[in-house]
There are 2 protein chains.
Amino acid sequence: MNVTLRQLRIFTGVYRTRSITRAARELGITQSAASLLIQQLEAQLGVKLFDRSTRSVQPTLAADEAFAAAERMLSDAQGLSRRMRDLAQARAGRVVFLASAGTASALLPMVLAKFRTGHPDIEIDMRDVAADDLVPRLSTTDAEFAIGSVEGEFADMTIETLTSGRLSAIGRRTADFAARRSLTWDELVQLPTIAMRSETRIRMQIDQALSAQGKRLDPTYEVTLINTALAMTAQGLGLAILPATMLPADQFPTLIARPLVRPALTRPVSLLQRQGRTLSPAAQAFVATARMVLAGRTAPASG
Amino acid sequence: MNVTLRQLRIFTGVYRTRSITRAARELGITQSAASLLIQQLEAQLGVKLFDRSTRSVQPTLAADEAFAAAERMLSDAQGLSRRMRDLAQARAGRVVFLASAGTASALLPMVLAKFRTGHPDIEIDMRDVAADDLVPRLSTTDAEFAIGSVEGEFADMTIETLTSGRLSAIGRRTADFAARRSLTWDELVQLPTIAMRSETRIRMQIDQALSAQGKRLDPTYEVTLINTALAMTAQGLGLAILPATMLPADQFPTLIARPLVRPALTRPVSLLQRQGRTLSPAAQAFVATARMVLAGRTAPASG
DNA sequence: ATCAATTCATGAGATTTCTCTATGAATGTC
DNA sequence: GACATTCATAGAGAAATCTCATGAATTGAT
């Protein structure tokens, strides 16, 4: 057999209290059990640890040395337990995940803010990545999950839609615009529009869908960053063509979104995970927060 | 229950080999036992440590952290075992002991030399002390034993005579002197003599014994250090009056000792130990060496 | 597609280990 | 000298741990 932490625990107790009886009481075992544990430890280490008589328990020199080592191991053990408990309760740890550029800039900041209030000590490593890279990167890096607009099926991946936004026209809350329930893509032709540059995934989805119907978006402005589009819209330069989910209400209180129809397009925001890999508790907590925050933003099934 | 080293041992094995079966084999237990231990550890830490399927055993992030801590504890445990084994076998450690000034200078150097050849890594802390202080110091300091000329009984102390030297006249190996079997104290009066100063224990013993018989030593020279007396003798300044044990043959090859009689006096060299306190293995080894080396020097019972 | 092989999980039973109670021996106290 | 305290030990019972047998999932080969 081998040295056990149990033996070390009683050993340090005896060492400190200079009494088997007292140490046993501390640990909640009987004196005889403690006596036996000490004898075992001595046998396993091959060293006398205490000179004991019925009246006194004197540590030997070897015990002095052993004590230091034992204390260290026990505090390591306690540290390990505590650390693991913190991890389990998502009170500590680190969340490494991938986010597509659009999601990272427009949608995740509010998730991050919410998460931080509940889990202030968890480190977050959000890596923004081109949407096409989400799946390959997730397979190869240490990221635990990915959030972004991904459609289709992938081997060894599970996909869960967190929210999906209808492609919308976003504009200032004018009486005119607010009165509309929706707009058609055709109507946009007559209006100044701000769309994402055609290299972006959002724009590609739009162009594909429209061209299938023989239509075409011809924006007044083309930008790279979602925030730029929104800021320009807030300035009255035109209507931003974006998924409704991408509009942070608190940041742009003057703007409202109206769905675009004919065709109605939706853009999902999905959570990707590697199959058969549990998320760390911290990641689970983060995902839960994301679900909660984003669920409130899902567009109704139709409208 | 609590985390055990056993669990950590199998945990690190599984972590390294990525296989419960292989780790179990390494530890010499069955796969099912290993599987169980991992489950226990997970339960106790409250964290999933491996994502396991029948085909793969993937450590989680928590496992990465736990592994480092576990490795540390295990290597501490091994270090402890090894260190204790070294101590037990007197391959390491430290011997702290007291020696009376005379013993320390004349008798112990050869013990130390012998001991060092057999136990090169053991540290020695020899504290030389006035003979009267041996007992009180042994009770209060961390010295494990004491060597010196002590007679009588002491509470809580055991005394063992290691060697005893007859009080002798030490002189150069002249034909005249070598022919003598012994000398009487009375004969000394006509010879030049070198004795220890009257504050020393050796001298006090002599003076007491002689005065009981109405005699008296009247030395030509009085010195403090035994070595001084011997060096002077070697120069032919006179006969040194010392216990025969105090003559290191290798250091003074020209000198020989002849016992003094009427009265014949002996001076023991004793080992003092605290009762009920085991010596450390290193100290035991040292004491064994001392017994061995000094036994060869004990004067025959009479002659 | 089927079959064999590998690997992990689980349940039952056996074994080992642990712990407790009871008791004895030693030692210091009043 | 009686008493109280403390450690050691023996025996019984409880708890744990291990092994064996088996099942389920997955991979690779035929």
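The chains referred to below are lettered A, B, ... by the order of the sequence lines, with proteins before strands, and numbering in each begins at 1.
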Hey, is CD on B:Q78 packed in by over 12 heavy atoms from elsewhere, all under 6.0 Å? no
Test salt bridge (Lys or Arg N to Asp or Glu O under 4.0 Å) applied to A:E26 - qualifying residues, sequence neighbours left out: none
Taking only N and O in the side chain of A:R52, is any of them less than 4.0 Å away from OP1 or OP2 of C:dA26? no
Looking at A:Q39, I'd like to know whether one of its side-chain N or O atoms comes within less than 4.0 Å of OP1 or OP2 on D:dC7. no
What is the separation between atom CG on B:L27 and atom P on D:dT17, rounded to the nearest whole Å? 15 Å
Please report, rounded to the nearest Å, how far the C1' atom of D:dA25 is from the CD atom of A:Q275. 14 Å
Find out whether A:P59 and A:D64 are in side-chain contact, i.e. whether some heavy atom of one side chain is under 4.5 Å from a heavy atom of the other. yes
Verify whether one side chain among A:S32 and A:T30 offers a donor that lies under 3.5 Å from an acceptor in the other. yes
So, are A:R94 and B:E65 salt-bridged, with charged N and O less than 4.0 Å apart? no
Close side-chain approach of B:F97 to B:L108, heavy-atom, < 4.5 Å: yes
Can you work out whether A:S53 or B:S53 has the more 5'-proximal nearest nucleotide on DNA chain C? B:S53
Mind calculating the distance between CD1 (A:I20) and C1' (D:dT9) to the nearest angstrom? 12 Å
Regarding the side chain of B:R6, the nearest nucleotide among C:dT10, D:dT6, D:dC18 is D:dC18
Check nucleotides 19-23 of chain D against the protein and report each pair of N or O atoms closer than 3.5 Å, with its distance, or say if there are none.
residue: D:dT19; atom: OP2; partner: B:T30; partner atom: N; Å: 2.8
residue: D:dT19; atom: OP2; partner: B:T30; partner atom: OG1; Å: 2.8
residue: D:dC20; atom: N4; partner: B:S32; partner atom: OG; Å: 2.7

If only side-chain N and O atoms of B:Q40 are considered, is one of them under 4.0 Å from the OP1 or OP2 phosphate oxygen of D:dA16? no
For C:dC8, does either OP1 or OP2 sit under 4.0 Å from a side-chain N or O belonging to B:S19? yes
Rounded to whole Å, the CG-P distance (A:L49 to D:dC7) equals 15 Å
May I ask you to decide if the ring planes of B:Y15 and B:F11 are parallel, tilted or perpendicular, using 30° and 60° as cut-offs? tilted
Atom CZ of B:R18 to atom P of C:dC8: distance rounded to whole Å? 13 Å
Integer-rounded Å distance: C:dA9 P and B:I38 CD1: 9 Å
Integer-rounded Å distance: C:dA5 P and B:R55 CZ: 13 Å
Whole-Å distance between C:dT19 P and A:L37 CG? 6 Å
Give a yes/no on whether any side-chain N or O of A:S35 is located under 4.0 angstrom from OP1 or OP2 of D:dA8. yes
